[in-house]
Amino acid sequence: MRKLKNILITGGAGFIGCNFIHYLFGLSNSGTDLFGDANFTGNVVNADCLTYAGNLESLKDVEEKFGGKRYFFEKVDICDRAEIERIFKQYDIDTVIHFAAESHVDRSILGPEAFMKTNVMGTYTLLDVARNYWKCSLDNIRDDVLFHHISTDEVYGSLGETGYFLETTPYDPRSPYSSSKASSDHIVMAYYHTYGLPITLSNCTNNYGPFQFPEKLLPLMISNIKNGKNLPVYGKGDNIRDWIYVEDHNRGVWEIVNKSPAGEKWNLGGENEWQNIKLLNEVIDLTSKEIGKSAEEVRATITYVKDRPGHDKRYAIDCTKAKTQLGWERKMTFKQGLLATIKWYLNHEEWMNHILSGDYKNWVAKNYTEQGR
Ligand code: NAD
Ligand code: TYD
């Protein structure tokens, strides 16, 4: 087990990062005790520049309980080398868990530049600062510091009807988003092989759970059902994604950070494949019941829209390595997790309304009016 003291979380105001910070401080949002305790007693520095996807409202409870004691927020762009250097020095960072990214495929198609800047150059900047601050060398790979990079299964490309992505599957990214993440993965590995920076890397499937920005499939559909809006399905709705509850992903990351040897790459996934249209029908049934609407009336608002260009057909991950070597496995069943997630969004109206009245509304109005969002 590594001894982690001062963790720099990048992108901690986003969906997965804020759930991770909650998990570290024992403030699970799952409504269950499935995820146990992270047993972390050190400090957390959250560096996030608060793009449209960063929301400090998601961390209100953490700030109230731990702010200025064990939790410190820094509004910083990860591309800003001087500021990242200051943070390493000021907090004596020994661990980086790097979540910050531009993360939405549709936005990457409309404007790839921010993806290249943050995902490629931002990751490079963090790696280079860490290497210098930790004085890394190939002759002596340190075991008291670690850089963990969070990545996606989308780097592997698209699967047909059969097969799974393994850690050894060659990269074949198709979208500006996945290609920028693939680039960052390669740079992370290069820093291990070239400079002896102790790194680990994880590639995970689609996450779901609380605090996800409502441009992604599940919160978008739950919000649209509630507000009586159309439900835009890309193409025929037959693309397949593998869904994992966000705290299962984060627990996997925590296992890796604590136990994995440096230089290792890990696949994490839900072993839970759903065709988009089947998943949407499930969401319609559960959400309609919760809000007392007729599922048939809601189903009539499904709107098939123009497909996403280069839309990957199927993602599915083989996570045997994490299961056998780390003893990690998914704990939340999809049935339980989906209902808990739907209830969470319905019960957090204020959180959702603040987002829907801000940048998201303007962005959709500019880019998606023809899709009836
Ligand atoms: P998100 O878009 O919800 O959050 C990203 C966060 O990063 C935001 O808080 C944003 O303000 C911050 N950020 C963006 N650019 C920044 C910059 N230049 N400097 C500092 N902060 C910046 O994303 P998410 O869904 O939480 O994803 C987190 C990570 O997990 C990403 O690396 C993503 O590629 C990866 N991932 C996501 C999924 C998923 O299903 N969401 C699946 C696998 C992997
Ligand atoms: P998304 O949540 O954007 O995640 P990703 O593209 O990273 O997998 O989309 C999940 C799936 O849902 C993907 O196949 C695209 C599809 N989709 C729709 O059909 N309609 C929508 O409005 C959105 C946002 C996604």
Side-chain angles (χ1 to χ4, degrees), residues 9-20 46-56 58-59 74-80 83-84 97-109 114-115 117-119 121-123 125-126 149-155 158 175 177-178 180-182 184-185 202-209 211-221 224 230-244 246 249-250 253 268-270 274-277 279-280 302-308 310-315 317 364 368 371-373:
I9 305 279
T10 68
F15 163 47
I16 307 179
C18 83
N19 277 288
F20 191 83
N46 173 14
D48 194 304
C49 71
L50 302 181
T51 66
Y52 77 93
N55 186 354
L56 288 182
S58 310
L59 289 160
E74 291 277 358
K75 186 171 183 308
V76 159
D77 189 322
I78 56 165
C79 300
D80 185 339
E83 277 293 85
I84 298 297
I97 307 182
H98 175 34
F99 293 92
E102 288 290 340
S103 70
H104 190 43
V105 176
D106 294 330
R107 287 191 189 238
S108 82
I109 295 167
F115 289 72
K117 278 190 180 147
T118 289
N119 301 1
M121 287 308 291
T123 302
T125 304
L126 287 166
H149 179 59
I150 305 287
S151 194
T152 164
D153 59 352
E154 305 191 23
V155 299
S158 183
S175 73
Y177 164 65
S178 55
S180 68
K181 292 297 291 187
S184 64
D185 290 12
S202 54
N203 297 79
C204 189
T205 56
N206 287 59
N207 284 222
Y208 72 98
F211 298 116
Q212 188 169 30
F213 195 86
E215 64 188 350
K216 304 277 167 63
L217 184 71
L218 284 176
L220 173 74
M221 293 302 173
N224 282 10
N230 285 343
L231 310 176
V233 173
Y234 298 170
K236 296 197 192 97
D238 56 358
N239 301 67
I240 293 172
R241 297 292 181 264
D242 168 11
W243 295 90
I244 184 170
V246 62
H249 175 195
N250 283 336
V253 170
L268 299 171
W274 284 81
Q275 217 179 36
N276 290 340
I277 190 68
L279 176 56
L280 177 56
I302 293 178
T303 312
Y304 288 92
V305 298
K306 204 165 135 231
D307 207 354
R308 176 187 275 173
H311 195 173
D312 290 336
K313 192 74 185 176
R314 172 172 167 256
Y315 303 141
I317 246 183
V364 170
Y368 276 117
Q371 296 191 353
R373 285 223 215 175

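Every number for a ligand or one of its atoms is a count from 1 in the order of the listing. Just so it is clear, the model here is predicted, and its values are computed rather than measured.
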Give yes if a backbone or side-chain nitrogen or oxygen of [X] is under 3.5 Å from a nitrogen or oxygen of ligand 1, and no if not.
X	answer
T51	yes
I78	yes
G14	yes
K181	yes
T118	yes
A100	no

Does some non-hydrogen atom of [X] fall short of 4.0 Å from ligand 1?
X	result
V76	yes
T10	no
T205	yes
C204	yes
F99	yes
S151	yes

Note to self: At under 4.0 Å between heavy atoms, is it the side chain or the backbone of D312 that contacts ligand 2, or both, or neither?
What the structure shows: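 It is neither part, as no heavy atom is under 4.0 Å.
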Notebook entry, point to check: Heavy atom under 4.0 Å from ligand 2: found in L220's side chain, backbone, both, or neither?
Noted result: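 Looking at L220 and ligand 2, just side chain atoms fall under 4.0 Å.
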Checklist line | Region of Y177 engaging ligand 1 - heavy atom pairs below 4.0 Å | finding: side chain
Next item on the list: Would you mind telling me if ligand 1 is within reach of the side chain of H249, the backbone, both or neither, using heavy atoms under 4.0 Å?
Entry: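 Within the 4.0 Å criterion, H249 makes no contact with ligand 1.
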Next item on the list: Could you give me the CA-CA distance, side-chain angles and deciding distance for N203 and D185, then say whether side chain to side chain donor-acceptor pair (under 3.5 Å) is met?
Entry: CA-CA 9 Å; N203 297 79; D185 290 12; 3.1 Å; yes
Against heavy atoms of [X], which atoms of ligand 2 measure under 4.0 Å?
X	result
V233	19 (O)
N276	11 (C), 12 (O), 13 (C), 14 (O), 16 (C)
E215	24 (C)
K216	2 (O)
N206	4 (O), 5 (P), 8 (O)
V105	6 (O), 7 (O)

Atom indices of ligand 1, in the order listed, that fall short of 4.0 Å to a heavy atom of [X]:
X	result
G54	8 (C), 9 (O), 11 (O)
S103	1 (P), 2 (O), 23 (O)
L50	11 (O)
N206	40 (O)
D77	17 (C), 18 (N), 19 (N)

Residues [X] and [Y]: side-chain donor-acceptor under 3.5 angstrom:
X	Y	result
S103	K181	no
N119	S184	no
D307	N239	no

So do [Y] and [X] actually touch side chain to side chain, heavy atoms under 4.5 Å?
X	Y	result
R308	S175	no
V246	F15	yes
I302	I277	yes

[atom] - nearest protein heavy atom and its distance:
atom	result
atom 30 (O) of ligand 1	I150 CG2, 3.4 Å
atom 40 (O) of ligand 1	N207 N, 2.9 Å
atom 41 (N) of ligand 1	I16 CD1, 3.7 Å
atom 5 (C) of ligand 1	A101 O, 3.4 Å
atom 11 (O) of ligand 1	D48 OD1, 2.6 Å
atom 16 (C) of ligand 1	C49 SG, 3.5 Å
atom 3 (O) of ligand 1	F15 N, 3.0 Å

Next item on the list: Identify whether NZ of Lys or CZ of Arg in R241 sits under 6.0 Å from the centre of the six-membered ring of Y315 and within 45° of that ring's axis.
Entry: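 Yes, R241 lies over the aromatic ring of Y315.
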Note to self: Apply salt bridge (charged side-chain N to carboxylate O under 4.0 Å, His left out) to residues D238 and K313 and explain how you reach the verdict.
What the structure shows: CA-CA 8 Å; D238 56 358; K313 192 74 185 176; 3.1 Å; yes
Margin query: I want to confirm something. Looking only at heavy atoms, which of H311, R308, E154, Q212 is nearest to atom 9 (O) of ligand 2?
Written below: R308
Notebook entry, point to check: Should the pair K117-E102 be classified as a salt bridge under the 4.0 Å nitrogen-to-oxygen rule?
Noted result: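 Result for this pair is no, no salt bridge flagged.
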Next item on the list: Please check if the distance between the ring centroids of Y52 and F213 is under 6.0 Å.
Entry: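 Judged by ring-centre distance (under 6.0 Å), Y52 and F213 do meet the cut-off.
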Margin query: Assess the residue pair T123 and H98 against the criterion (side chain to side chain donor-acceptor pair (under 3.5 Å)); give the C-alpha distance rounded to whole Å, side-chain angles, the decisive distance to 0.1 Å, and a yes or no.
Written below: CA-CA 8 Å; T123 302; H98 175 34; 2.9 Å; yes
